[in-house]
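What follows is a single structure, written as structure tokens, with notes after it.
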Number of protein chains: 2
Amino acid sequence: MSNSNPSPLTPMLRKMELWAAFSDSDREALLAMPHTLKTIKEGHYIVRDGDKPTHSCVMLTGFTYRHKIVGAGARQIVSIHRAGDMVDLQNSLLGTADHNVQALTRAEVAFIPREAVKEIAFARPAIGFAMWYDTLVDGSIFREWVANVGRRDARTRMAHLLCEFALRLEAAGLSEQTHYELPMTQEQLADCTGLTPVHVNRMLKELDKGGFIQRDKRAVTIADWRRLAEIGDFQRGYLHLGGDQSAALQ
Amino acid sequence: MSNSNPSPLTPMLRKMELWAAFSDSDREALLAMPHTLKTIKEGHYIVRDGDKPTHSCVMLTGFTYRHKIVGAGARQIVSIHRAGDMVDLQNSLLGTADHNVQALTRAEVAFIPREAVKEIAFARPAIGFAMWYDTLVDGSIFREWVANVGRRDARTRMAHLLCEFALRLEAAGLSEQTHYELPMTQEQLADCTGLTPVHVNRMLKELDKGGFIQRDKRAVTIADWRRLAEIGDFQRGYLHLGGDQSAALQ
DNA sequence: AGAACGTGTTGATCTCGGTTAAGGTGCAGC
DNA sequence: GCTGCACCTTAACCGAGATCAACACGTTCT
């Protein structure tokens, strides 16, 4: 338990202020929310399908991902999360978790009691709206993923995913626009795109050979954003990052 | 414009009360929301990708669906909606529509100004929570669709979709548990599942021959729920319909 | 009545991505 | 500095589902 100043919850505030105008007292109240800090090791679970979590989890550092396991044993990753994201609003408010949340890298997180989340959301409309907005953006990204996995070919899917990561990481101040460290194995990329690891490898190689990206271990450099976005059928609108939808990075 | 009693907005109230306990004054306030009634013809659009809608749309009768068109021209349907659903919360609150909403059948809808939605959501926590919960359930269904389309084979996908429809229609009081009218063409089913119409036809035929379902034009009878759910890798939890997750129909 | 159209059905063939299998590479632990 | 392991890479082959092509059937329009 801790809520000294500067609060560890700052990444959450930073993200929410992208979408809503907070007063000073909103900011103070948000940062003063009761919480427990915890470090999650790479690969460890934060929530398992079927759990009944009582706390929401805010990410402070690192990356996590949500996934589902289907009957045949295959895994589908449905989203990736980074600092500032509330990865467990869904599970804690809905009561029973319908998917798993797992640490992609070592991650520092804060657990906030679900009642405290509900309270602040309705006591302070600006904060409530930011949270609601956040779940709506989440939904928008899910819709794009349904389309990506359902109706795009392998090459397009991979390019699309690389573009999405570039923009989201950049928006979080975690990378430059055209160069980032991707902390995922090709198997995990396969589980994001509904492909096999072998085919992910083929597609990455192809994008590399074509000169659209360069790879160095797991770091990705986007050599030709415009054409990669074209190949990936990528339009940033669905990320609702605000600003000009047709700005520099398209 | 109309808000006489009984209000046409009743289907929305009915759905929200599945999830939240309303006071009489909550009910009155919800049904008294300002709205404009409209009838949408089959196939007509309610919102187009890129629009900046100022109203949210509540469905009173009929069916609508959301979809995205990818670069190659293919369509991916991302959800189906029925009476009570607020089909345009996302687009109106997020500002710019990131997908299309189209009438599957002739549909009666009510348009509510987005400001009125925001106001009531924060003035009345029970209503705000129900709306938020609704967007969270929406997200849960999207996650399941990502997994369905990404990691299940054609036969499983079709069976899963048929199970989902059965439960959702039944929950809305629009059908019996094991028999319902599916107002969709096989081409639309294909766009839900990421398959081709030809293959949807083959899978339906196969499920029919196997004795799991019976078809009469577009009406579906589930002859063997247990085995269809098994084939479809279907577990109802993600629908968050409440009640016993392991009840009769699971 | 007949034409035109949308939808469903079925078969033949093709292809994208899956499967299988075999190295290769780099890092952690002893 | 060797071993083991996780991950990446590449090649050969295979198969689920796509594509292409007919035809059937019912409805609406003329």
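Note on naming: letters A, B, ... go to the chains in the order of the sequence lines (proteins, then strands), and numbering restarts at 1 for each one. Nothing here was measured: the structure is a model prediction, and the numbers come from that model. As a basis for the values below, the full set of heavy atoms in this structure was taken, side chains included, without hydrogen atoms, waters or symmetry mates.
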Quiz item: Given that B:Thr185 and A:Asp153 both sit by DNA chain C, which one's nearest nucleotide is further toward the 5' end?
Solution: B:Thr185

Quiz item: Just how far, in rounded Å, is C1' of D:dT9 from NZ of A:Lys205?
Solution: 8 Å

Exercise. Establish, with yes or no, whether the OP1 or OP2 oxygen of D:dT9 is under 4.0 angstrom from a side-chain nitrogen or oxygen of A:Asn201.
Key: yes

Self-check item: Pairwise side-chain contact, B:Tyr65 with B:Cys192, heavy-atom cut-off 4.5 Å (strictly under)
Solution: no

Exercise. Just do the salt bridge (charged side-chain N to carboxylate O under 4.0 Å, His left out) check on A:Glu181 and A:Arg218 with the steps written out, would you?
Key: CA-CA 6 Å; A:Glu181 182 69 31; A:Arg218 290 187 193 162; over 6 Å; no

Self-check item: Length of the line joining A:Arg202:CZ and C:dC16:C1', which is rounded to integer Å
Solution: 9 Å

Quiz item: What is the distance, rounded to the nearest whole Å, between atom CZ of A:Arg155 and atom P of C:dG18?
Solution: 16 Å

Quiz item: Which nucleotide in the set D:dC8, D:dT9, C:dG17 lies at the smallest distance from any side-chain heavy atom of A:Arg215?
Solution: D:dT9

Self-check item: Between C:dC16 (C1') and A:Arg157 (CZ): distance, integer Å
Solution: 10 Å

Exercise. Starting from P on D:dC7, measure out to CE on A:Met184 and report it in whole angstrom.
Key: 12 Å

Self-check item: Interatomic distance, B:Glu206 CD vs D:dG17 C1' [rounded to whole Å]
Solution: 12 Å

Exercise. Might you confirm whether atom CD of A:Glu187 has over 12 heavy atoms from other residues, nucleotides or ligands at distances under 6.0 Å?
Key: no

Practice problem: Can you label the angle between the B:Tyr238 ring and the B:His160 ring as parallel, tilted or perpendicular, going by 30° and 60°? | Solution: parallel

Quiz prompt | Rounded distance (Å) that lies between atom P of D:dG17 and atom CE of B:Met158 | solution = 13 Å

Practice problem: Using five pairs at either end of the helix from C:dA1-D:dT30 to C:dC30-D:dG1, determine the angle between the two local helix axes and round it to 10 degrees. | Solution: 40°

Self-check item: Side chain of B:Val198 - closest among D:dA11, D:dT19, C:dG17
Solution: D:dT19

Quiz item: Is any side-chain N or O of A:Gln188 closer than 4.0 Å to OP1 or OP2 of D:dC7?
Solution: no

Exercise. State, with a plain yes or no, whether a side-chain heavy atom of A:Thr96 is found less than 4.5 Å away from one of A:Asp51.
Key: no

Self-check item: B:Ser79 backbone acceptor or donor facing B:Arg66 side chain under 3.5 Å
Solution: no

Practice problem: Select one nucleotide: of D:dG17, D:dC8, C:dG8, the one nearest the side-chain heavy atoms of B:Arg218. | Solution: C:dG8

Self-check item: Flag side-chain contact, heavy atom, 4.5 Å: A:Thr61 against A:Thr105
Solution: no

Exercise. Check the distance between D:dA18's P and B:Glu187's CD and give it to me in whole angstrom.
Key: 13 Å

Quiz item: Looking at the side chain of B:Lys217, which of C:dT7, C:dG17, D:dT27 is the nearest nucleotide?
Solution: D:dT27

